[in-house]
Q: 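The structure under discussion is supplied below as structure tokens; questions concerning it will follow.
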Amino acid sequence: MNTARHASERLMSWPSLTPGSAHCGAELGLGTATQEIVHFHGEHEADVHLTRAMVAKLRPALLGSSAVRLRAGSGWVTVRLDMGSDIDLLATLVSAALQANGVPDVAPDGCTRTRPVPGHR
């Protein structure tokens, strides 16, 4: 089962998110008019841009989830999508990201992978 596809279909129904290409080269990204919020790597992973401040705020809960990987100093988290409850977790984190991205990071960072798409900064 391609859980990333199910998750992306669910999130594409949200009026605040629009599809587009991800800056890191992932095939599908979703974001607002000004900010990339989530993108998908393969069939079972998604990266969510929570911002560094939101990661710090949610750190205890994020560390308690086996589905979430943090990267030191980053505002992005990776969610492993193995089952339906992971999609629910992703949706919760995307909701938090939408709230957090109203106040951008002082120094925005790239996703957990670094493969820029030509023409994107």
Q: Any side-chain heavy atom of Leu62 within less than 4.5 Å of one from Leu50?
A: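 The answer is yes; the side chains approach within 4.5 Å.
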
Q: My understanding is that only residues two or more places apart in sequence, or in another chain, count here; which of them pass salt bridge (charged side-chain N to carboxylate O under 4.0 Å, His left out) with Arg5?
A: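 For Arg5 the salt bridge (charged side-chain N to carboxylate O under 4.0 Å, His left out) partners, ignoring immediate neighbours, are Glu9.
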
Q: Just verifying a value: how many Å separate Ser65 OG and Arg80 CZ, rounded to the nearest 0.5 Å?
A: 12.5 Å

Q: For residues Ile87 and Arg10, report the shortest heavy-atom separation together with the two atoms involved.
A: CG2-NH1, 3.6 Å

Q: Determine, step by step, whether Val94 and Leu17 satisfy the side chain to side chain contact (heavy atoms under 4.5 Å, CB included) criterion, reporting the C-alpha distance in whole Å, the side-chain angles of both residues, the deciding distance to 0.1 Å, and the verdict.
A: CA-CA 10 Å; Val94 167; Leu17 294 174; 3.9 Å; yes

Q: At their closest point, which heavy atom of Trp14 faces which heavy atom of Ser95, and how far apart are they?
A: CZ3-N, 4.0 Å

Q: Of all heavy-atom pairs between Ala7 and Phe40, which one has the smallest distance, and what is that distance?
A: CB-CE2, 4.0 Å

Q: So, for Cys24 and His39, which heavy atoms are closest and what is the spacing to 0.1 Å?
A: SG-NE2, 3.4 Å

Q: Work out which heavy atom in Ala4 is nearest to a heavy atom in Gly42; give both atom names and the distance.
A: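 Taking every non-hydrogen atom into account, CB-O, 3.5 Å.
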
Q: Apply the side chain to side chain contact (heavy atoms under 4.5 Å, CB included) test between Val38 and each candidate in Leu93, Leu90, Leu98, Leu28; give the one that qualifies.
A: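 That would be Leu90; it is the only one of Leu93, Leu90, Leu98, Leu28 passing the side chain to side chain contact (heavy atoms under 4.5 Å, CB included) with Val38.
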
Q: Looking at Ala100 and Thr51, what are the two nearest heavy atoms and their distance?
A: CB-OG1, 3.7 Å

Q: From Glu45 CD over to Asp86 CG, what is the distance, rounded to the nearest 0.5 angstrom?
A: 11.0 Å

Q: Examine distances only and state if a side-chain atom of His49 and a backbone atom of Ile37 form a donor-acceptor pair shorter than 3.5 Å.
A: no

Q: Is there side-chain contact between His6 and Leu81, with at least one heavy-atom pair below 4.5 Å?
A: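 Answer no - side chains too far apart.
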
Q: When you measure from the side chain of Glu36 to the backbone of His23, do you find a donor-acceptor pair of N or O atoms at a distance under 3.5 Å?
A: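 Confirmed, Glu36 side chain pairs with His23 backbone.
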
Q: With respect to Val68, which candidate in Val48, Leu89, Thr78 satisfies the side chain to side chain contact (heavy atoms under 4.5 Å, CB included) definition?
A: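 It is Leu89; the other options fail the test.
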
